[in-house]
Amino acid sequence: MYIDDRDVFAREPFSAKFSSDRSGQAFALANVHITYGSSIGDRLPEIEALASYFMWLDEVYPDTPRLIAGDFNLKPDHQGWSPMRELGAVPAISEGASTLGLSEGFWANLYDNFWKTPGRLNVTDRGIVQFPSLFEGDHVTLRDTVSDHAPVWIALGDATLELAAFDDRTFEPANDKVYCIDLNEATADQLLVLPNVGPDRAGQIIKMRPWGRIEELTRVSGLGTASVKAIVESELVCS
């Protein structure tokens, strides 16, 4: 998590490091949603601050290609991107539009994108999934029921985009089992995901093992009946 000490971002960017199962290529991917505001001028401070964030990513993930993905609410050819371009960053997508207009078939702006350093990643393809053509519905309806933004994507190496039709079946989870937090085995960091559990309570949970039922968490200092009920209702703890 980026520490926005100047409080520029309304929603601070988040980043993580990934590697391709196909090629082993590592890359750092950050996600950001630039505030829309009442005018373009309201968006520019965050856009300009992305340059500092891009340099920060280089410090956190040294020698690793960087990508910033998100809804930037600004076209990639706007002069507000000058600080990023001065660092050598370029948009992955420079043509087309990703926001649905109010008129049928009309696409308004290219606001969604990836910003990257050229030559560091083997980006072989990119595009915009203009999903209205995949659904039975008009732009106005789909703006309300799906989104007013279309997904953007890039492909690395020999990867290709394949769209599969949804046939109303429930998809099986990608992992072997559904993820849950085991009170008797979870690390302190994993326990912090639970509602009302901070570092001190996570430590208590570990020290007071073993646990038989979630409701026993009322033994933890500061976790009352209502707090434990919130943990139960989160469905994050293994049954």
Side-chain angles (χ1 to χ4, degrees), residues 1-101 107-130 147-157 159 161 189 192:
M1 177 65 75
Y2 178 64
I3 305 301
D4 181 19
D5 58 355
R6 292 186 297 147
D7 199 24
V8 177
F9 293 101
R11 292 164 286 215
E12 282 78 2
F14 186 79
S15 64
K17 186 176 180 179
F18 299 85
S19 62
S20 168
D21 284 340
R22 290 170 175 261
S23 65
Q25 167 74 70
F27 58 93
L29 176 65
N31 186 46
V32 66
H33 188 176
I34 297 299
T35 188
Y36 188 80
S38 59
S39 68
I40 289 180
D42 291 337
R43 309 166 203 171
L44 293 181
E46 290 189 0
I47 293 292
E48 293 168 357
L50 285 176
S52 296
Y53 179 63
F54 202 57
M55 291 188 290
W56 179 85
L57 288 173
D58 193 35
E59 297 176 2
V60 176
Y61 308 103
D63 302 318
T64 303
R66 293 157 288 163
L67 288 166
I68 301 182
D71 173 8
F72 298 102
N73 281 315
L74 194 71
K75 296 179 179 179
D77 58 357
H78 191 279
Q79 63 180 9
W81 287 106
S82 296
M84 281 286 286
R85 290 188 180 277
E86 290 173 2
L87 295 176
V90 296
I93 302 172
S94 56
E95 297 179 353
S98 61
T99 60
L100 281 71
W107 291 83
N109 301 291
L110 180 55
Y111 283 168
D112 307 274
N113 220 317
F114 298 86
W115 281 79
K116 63 187 184 69
T117 303
R120 298 293 307 279
L121 270 176
N122 184 22
V123 177
T124 53
D125 203 0
R126 73 226 48 212
I128 303 169
V129 181
Q130 296 187 333
S147 176
D148 59 343
H149 289 252
V152 295
W153 59 274
I154 59 174
L156 305 179
L161 177 70
D189 285 341
L192 292 178

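Note that the numbering runs from 1 along the sequence shown for the chain.
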Heavy atoms, side chains only, cut-off 4.5 Å: are [X] and [Y] in contact?
X	Y	value
W107	Q130	yes
F18	L67	no
P76	W115	yes
F114	V152	yes
R11	V32	no
H33	P13	no
H78	L44	yes
L156	V123	yes

Six-ring centre of F54, R66 cation under 6.0 angstrom, axis tolerance 45°: yes
NZ or CZ of R43 within 45° of Y36 ring axis and under 6.0 Å: yes
Is the backbone of [Y] close enough, under 3.5 Å, to the side chain of [X] for a donor and an acceptor to pair up by distance?
X	Y	answer
E12	M1	no
E46	T35	yes
T64	P62	yes
T124	G157	yes
S98	H149	no

Once you round to the nearest 0.5 Å, how far does [atom1] of [X] lie from [atom2] of [Y]?
X	Y	atom1	atom2	answer
W153	D125	CH2	CG	3.5 Å
W56	D4	CH2	CG	11.0 Å
L121	Q25	CG	CD	5.0 Å
I154	R126	CD1	CZ	8.0 Å
N73	I47	CG	CD1	8.0 Å
M84	T117	CE	OG1	7.5 Å

Verdict with supporting geometry, N113 and D71, side chain to side chain contact (heavy atoms under 4.5 Å, CB included): CA-CA 7 Å; N113 220 317; D71 173 8; over 6 Å; no
Please find the pair of heavy atoms, one from [X] and one from [Y], that lie closest to each other, and give the distance.
X	Y	value
E48	G80	CG-O, 4.1 Å
V129	A150	O-CB, 3.2 Å
A69	L29	CB-CD1, 4.0 Å

Residue pair I40, L74: steps toward the side chain to side chain contact (heavy atoms under 4.5 Å, CB included) verdict: CA-CA 8 Å; I40 289 180; L74 194 71; 3.7 Å; yes
Atom CG of D77: over 12 foreign heavy atoms under 6.0 Å: yes
Partner residues of S94 under the side chain to side chain contact (heavy atoms under 4.5 Å, CB included) criterion, sequence neighbours left out: none
Side chain to side chain contact (heavy atoms under 4.5 Å, CB included) evaluation trace for S15 with N31: CA-CA 6 Å; S15 64; N31 186 46; over 6 Å; no
Worked verdict on F72 versus Y111 for side chain to side chain contact (heavy atoms under 4.5 Å, CB included): CA-CA 5 Å; F72 298 102; Y111 283 168; 5.8 Å; no
Validation row, ring centre Y2 to ring centre F14 under 6.0 Å: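 Aromatic pair excluded; centres sit 6.0 Å or further apart.
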